[in-house]
Number of protein chains: 4
Amino acid sequence: MERKEQNTDNTVEPHDHKDRYLRVDAKRNNCALLQSALTVFTTSGVDAPIREIAKQAGVGVGTVYRHFPQRSDLILAVIGQEMDNCAEAATTLTAKHAPGEALALWMQTYVDFILSIPGLAAALHSSDPAYEALTESFDSHFIPILESLLHAASNAGETCPNISSTGLLNAASSLCLKITNFDPAVARDLVSLLIDGLRYRSYINQQSSK
Amino acid sequence: MERKEQNTDNTVEPHDHKDRYLRVDAKRNNCALLQSALTVFTTSGVDAPIREIAKQAGVGVGTVYRHFPQRSDLILAVIGQEMDNCAEAATTLTAKHAPGEALALWMQTYVDFILSIPGLAAALHSSDPAYEALTESFDSHFIPILESLLHAASNAGETCPNISSTGLLNAASSLCLKITNFDPAVARDLVSLLIDGLRYRSYINQQSSK
Amino acid sequence: MERKEQNTDNTVEPHDHKDRYLRVDAKRNNCALLQSALTVFTTSGVDAPIREIAKQAGVGVGTVYRHFPQRSDLILAVIGQEMDNCAEAATTLTAKHAPGEALALWMQTYVDFILSIPGLAAALHSSDPAYEALTESFDSHFIPILESLLHAASNAGETCPNISSTGLLNAASSLCLKITNFDPAVARDLVSLLIDGLRYRSYINQQSSK
Amino acid sequence: MERKEQNTDNTVEPHDHKDRYLRVDAKRNNCALLQSALTVFTTSGVDAPIREIAKQAGVGVGTVYRHFPQRSDLILAVIGQEMDNCAEAATTLTAKHAPGEALALWMQTYVDFILSIPGLAAALHSSDPAYEALTESFDSHFIPILESLLHAASNAGETCPNISSTGLLNAASSLCLKITNFDPAVARDLVSLLIDGLRYRSYINQQSSK
DNA sequence: AATGAATGAGCGTTCATTCAT
DNA sequence: TATGAATGAACGCTCATTCAT
């Protein structure tokens, strides 16, 4: 109603009144939302009420739903870049290391990624349908990658062949679940232990087939 | 509601009867409650509404709360026997098998136990305070046992020594968490893979120390 | 907490403190709920928020849901007696009047019943699934009755035979829908007009078959 | 968004072009809006979310509100032509048929019109203020017409005189309300039954006045 | 003039927990 | 001691409406 001022005096900050609207571009708001979501996920878990995320971001719940109709959408938006980085790491590691080592290192990369987002592991193991898309996205992204790494290591005789890549991927995130006295180092070690198990089985198979 | 007193012993004063009767009633309630809780836990998981358990048992919710103020109390009461069985299995297995094999077999026993109660794995990894006592009870029961099995296997040179028993125990239950396309056989295999990892490390250590 | 008074002075009202609890029997509460529901239905329509009904009754929403899981249940409870009265009227009217007249009079009875509960007509024509049970209950109660009345009148040659009893019943409640400047007398007259239409068709049929 | 100006007449000053262009744009928007609204009304009923209509038309919700501040305005704009057609039908029918028949046929025309727009009948009987203007418009359009038809038929002795034209008009739309197992044919028949009722009353009156 | 992002009140519903009886 | 009625906070979600751009 009262917005005709057309302030020509540029020394006064123009974003004085209703500063929420002066920088209303969705992108900025979107960023704030992602920041807030990360904060809230960290604080209250990925199953935090949408209201809490909205409040933290200083927006209405409708805004959150507008940008991210499903909870999974919000999570995926928060971690999208990290997912890509993690996926690309497989290529790099394969190029630089022996197949078994590449496999082991990528699993550590994956674990570090999961651990870097508090509550992500829990979301991946939730039975809530709201997380279905998240799980599916993870599966479609990472299972082929792990499958490929497993084949390479197996073909090189460094690990045993008969292992479910789906199972192994889920195992890795399972081991990242926060519990009392949770220690990330232990989670990492347990994942490497799984790979060592594959190596052991390969060794045993070779022994017995002699 | 209107239960006839099948009293054949008329010599005892009636007040006593009532007392005894009430005690029997309470006991029966308690038993029915545990039975019902097991049924409901099996059907709907350990996070089923208290009301559902009370209804199944034919008692009021207040009765459930009276006997088991915390959900953990109820769960522990229901699975107490199985916990004991699982704990005792360690002794039996140790007596019958080589230390490494005993360790591996007990881990499978533990996994089977966890898997037999839907939602138990999730409860053990829940951050809900209602499950705190449950987690603590599991830790105090099973960590010493696993510690002992690990030491024995390690001393026998069958597995490597440096492993967190707490971490390994949690790993086992983590791998039992239900996910899409969950397959108990895969869970069991992954747990055995962890033990194989310990064997591999022991083998590697022996090789390098030669 | 503070409830030991055990007032022996009966001149003072004993339901002083926490009077909600002193007469906590479900029946009474149930009555209050039904009263409140009727009031709210009258004020805000049968599609009023459950919260509003609960507030009017001075109870929590959970209490409403406990007694009446579906909105239809609440409505049916409010009008149950009137439904029965209306159904029984058919018998009385049939005994005292000629078939055509009985039909006409019962339709008026039905209309008066619908009109006596503000918003009821709207509920019967809502597409909201919450009202499905209500509609079904009405159909199963009244369609057989109307069918019977129609047959009798038709057999007596007072009305024409080919008419949908379902359609006619719905027509009666449709005509009771509140609109601007709604006049109950007009609603009643229109329903009687429908019956007169049946009479006209019967007359025409008789003429043409001569 | 970036539309090329197909300007072949370069003699006219460009500013004018822009003006004209904008007007054309606005007009097209308006037309698209009405088309889309009709589509959405037909698909989802006249109570469809404004957003759905805007989306279908490819415009923002603000544009819809600008052109049609009230939902009634939009509905009336969409069905304006049909309303006129329906009104004009009265003239045609009156010219071609006997008064009673013209009345009956126009009622059928009116019913067909109402039935052609899903949800229209419900809107006409809604207590939502958003539909108030719609109801008023219907009343001011059609009541005089029906009044006239009724008078003519009544004067010709084909129907009885004492009937509320407002009531009868509302009755017709009431009978078009969708219900479970709704059958348009039944709705039409019931409306014709009302007219037959008027005929019956006229006949009875004539008999008794002899 | 057109846009559509933002708002936030409001709804139905669940369920852990309390406490008068 | 047992009961279960009552509570009410909390959640996911929708959508009419506003208004800065």
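Every chain is numbered from 1, with letters handed out A, B, ... down the list of sequences. What you see is a predicted model; the values in this text were computed from it and never measured.
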| task | Go ahead and write out DNA chain F as dot-bracket, 5' to 3': ( ) for pairs within the strand, [ ] for ones crossing earlier pairs, | when the partner sits on another strand, dots for unpaired; Watson-Crick or G-U wobble, both distances under 3.5 Å. | result | .||||||||||||||||||||
| Can you name the nearest heavy-atom pair linking D:Thr135 to D:Ala123, along with the distance? | OG1-O, 4.4 Å
| query | How close do B:Ser126 and B:Tyr131 get, heavy atom to heavy atom, and via which atoms? | reply | OG-CD1, 3.5 Å
| message | For residues 44-57 of chain C, which residue pairs pass the side-chain hydrogen bond (donor to acceptor under 3.5 Å, both in side chains) check, not counting sequence neighbours? | response |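 Sorted result for residues 44-57 of chain C: C:Ser44-C:Glu52.
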| query | By side chain to side chain contact (heavy atoms under 4.5 Å, CB included), which residues pair with C:Ala122, not counting sequence neighbours? | reply | C:Leu177
| message | I'd like to check the side chain to side chain contact (heavy atoms under 4.5 Å, CB included) partners of B:Leu76; sequence neighbours left out, ordered by chain and number. | response |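 For B:Leu76 the side chain to side chain contact (heavy atoms under 4.5 Å, CB included) partners, ignoring immediate neighbours, are B:Met83, B:Leu134, B:Ser137.
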Donor-acceptor contacts under 3.5 Å from residues 34-43 of chain B side chains, at least two apart:
unit_1	atom_1	unit_2	atom_2	d
B:Ser36	OG	B:Ala32	O	2.7
B:Ser36	OG	B:Ala57	N	3.4
B:Thr39	OG1	B:Gln35	O	3.0
B:Thr42	OG1	B:Leu38	O	2.6
B:Thr43	OG1	B:Thr39	O	2.7

| request: Could you tell me whether the phosphate oxygens of E:dA2, OP1 or OP2, come under 4.0 Å of any side-chain nitrogen or oxygen in D:His67? | output: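 For E:dA2, OP1 or OP2 has a side-chain N or O of D:His67 closer than 4.0 Å.
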| field | Sub-4.0 Å heavy-atom contacts from residues 47-54 of chain C onto DNA chain E, ordered by number | value | C:Pro49, C:Ile50, C:Arg51
| Flag side-chain contact, heavy atom, 4.5 Å: A:Tyr65 against A:Ile50 |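 Answer yes - side chains close enough.
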| Side-chain contact, heavy-atom cut-off 4.5 Å: D:Ile75 with D:Phe68? |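 A side-chain contact under 4.5 Å is absent here.
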Length of the line joining [X]:[atom1] and [N]:[atom2], which is rounded to integer Å:
X       : N      : atom1 : atom2 : value
D:Ile75 : F:dA16 : CD1   : P     : 12 Å
D:Phe68 : F:dA16 : CZ    : P     : 16 Å
C:Asp73 : E:dG12 : CG    : C1'   : 15 Å

| task | Give the nucleotide from the list F:dT3, E:dT18, F:dA6 with an atom nearest to the side chain of B:Val61. | result |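 The answer is E:dT18.
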| field | 5'-most by nearest nucleotide on DNA chain F - A:Tyr65 or C:Thr63 | value |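 On the 5' side of the pair lies C:Thr63.
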| request: Would you mind telling me which residue lines up with the more 5' stretch of DNA chain F, D:Gln70 or B:Arg66, judged by nearest nucleotide? | output: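 Counting from the 5' end, the first nearest nucleotide belongs to B:Arg66.
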| task | Report the residue (D:Gly62 or C:Arg71) whose heavy-atom-nearest nucleotide on DNA chain E is the more 5′ of the two. | result |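 It is D:Gly62, whose closest nucleotide lies nearer the 5' terminus.
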| said: Donor-acceptor pair, distance only, cut-off 3.5 Å: does the side chain of B:Arg71 make one with the backbone of B:Ala48? | reply: yes
